[in-house]
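Every chain is numbered from 1 and lettered A, B, ... according to where its sequence line falls, protein lines coming before strand lines. Source: prediction; values computed, not measured.
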Amino acid sequence: MILAVISQIPYGRVATYGQIAKLAGLAKHARLVGKVLSQLDEGTDLPWYRVINAQGKLSLNKLDAKGQNTQQLRLSQEGIFVNQGKVNLKQYQWDGWS
DNA sequence: ACTCTGACGGAAT
DNA sequence: GATTCCGCCAGAG
């Protein structure tokens with residue numbers, strides 16, 4: 001389920017954990033969603049980087065050699081502006097409309 | 001069975 | 001905003 005929902009997040013949009021959970025049928029299991037994502041491997045096709053917490057903040061904030069973290073990088077590549085490790089949900093959050 | 005921990009959420013202060 | 005508290009699930013020890 002969870003993976004299915006995430007794979008449905010449209011380009012240039014982001015979704016929150018709770019949102020994913022709800023759409024997947026798991027109302028209060030936001031945490032489980034994060035759990036699942038943490039199990040994903042690097043070569044996954046899922047746009048996991050479009051998944052952020054309800055506060056618009058990126059999840060794993062681990063920096064790479066370039067001083068950037070993969071998530072922020074990939075997001076900006078899709079036109080999503082990330083400020084101070086945060087995203088304007090009002091502007092980018094996926095409505096679940098597609 | 002119990003305690004901790006974790007890519008979380010929401011409400012209250 | 002920043003903190004604090006509580007709820008919730010699953011895995012490890």
Side-chain angles (χ1 to χ4, degrees):
Chain A
M1 289 285 110
I2 300 179
L3 302 179
V5 177
I6 297 177
S7 63
Q8 289 165 39
I9 304 176
Y11 178 91
R13 289 290 183 63
V14 297
T16 66
Y17 291 89
Q19 201 178 354
I20 300 294
K22 186 159 41 172
L23 291 176
L26 309 165
K28 312 258 179 155
H29 304 63
R31 220 160 182 161
L32 181 57
V33 176
K35 197 78 166 167
V36 173
L37 290 187
S38 67
Q39 320 293 289
L40 294 176
D41 39 86
E42 312 171 4
T44 187
D45 307 319
L46 294 171
W48 60 271
Y49 47 82
R50 291 180 189 156
V51 184
I52 57 185
N53 60 18
Q55 293 154 31
K57 297 184 262 171
L58 302 185
S59 354
L60 292 176
N61 211 31
K62 190 168 177 60
L63 305 175
D64 61 12
K66 307 184 191 63
Q68 290 289 295
N69 77 326
T70 313
Q71 182 161 30
Q72 173 172 341
L73 185 60
R74 304 212 55 173
L75 287 175
S76 15
Q77 287 181 352
E78 297 195 351
I80 300 176
F81 182 66
V82 182
N83 185 3
Q84 324 293 172
K86 291 184 280 187
V87 177
N88 187 318
L89 290 177
K90 281 305 206 177
Q91 182 177 3
Y92 298 111
Q93 186 171 191
W94 177 38
D95 304 16
W97 187 71
S98 114

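- Of the residues A:Ile2, A:Ile6, A:Thr44, the one that meets the side chain to side chain contact (heavy atoms under 4.5 Å, CB included) test with A:Leu37 is A:Ile6.
- A:Gln77 approaches A:Tyr11 most closely through the heavy-atom pair O-OH, 3.5 Å.
- Closest approach of A:Ile52 and A:Gln71 over heavy atoms only: CG2-NE2, 3.9 Å.
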For this session: Using a 4.0 Å cut-off on protein heavy atoms (strictly under), produce a 5'-to-3' string for nucleotides 8-13 of chain B with B for base contact, S for backbone-only sugar-phosphate contact, and - for none.
Result: BSS---
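- Taking atom NZ on A:Lys22 and atom P on C:dC8, their separation rounds to 16 Å, with Å as the unit.
- Rounded to an integer number of Å, the gap from A:Ile9 CD1 to B:dA7 P is 19 Å.
- In this structure, NZ of A:Lys86 is placed 11 Å from C1' of C:dA2, rounded to the nearest angstrom.
- The nearest whole Å value for the distance from the CG atom in A:Leu60 to the C1' atom in B:dA7 is 5 Å.
- Side-chain contact, A:Gln84 with A:Lys86: no donor N or O sits under 3.5 Å from an acceptor N or O.
- Listed here is the closest heavy atom pair of A:Ile9 and A:Ala15: CD1-CB, 3.8 Å.
- The NZ atom of A:Lys35 sits 11 Å away from the C1' atom of B:dC4 (whole-angstrom rounding).
- C:dC8 and B:dT5 are spaced 13 Å apart, taking the C1' atom of each and rounding to whole Å.
- Contact between A:Tyr92 and A:Gly12 at its shortest, heavy atoms only, is CD2-O, 3.8 Å.
- A:Leu32 comes within 4.0 angstrom of the backbone, heavy atoms only, and of no base.
- Rounding to whole angstrom units, CD1 of residue A:Ile20 and P of C:dC9 are separated by 19 Å.
- Rounded to whole Å, atom C1' of C:dA10 lies 10 Å from atom NE2 of A:His29.
- For the C1' atoms, the distance from B:dA1 to C:dG13 is 13 Å, rounded to whole Å.
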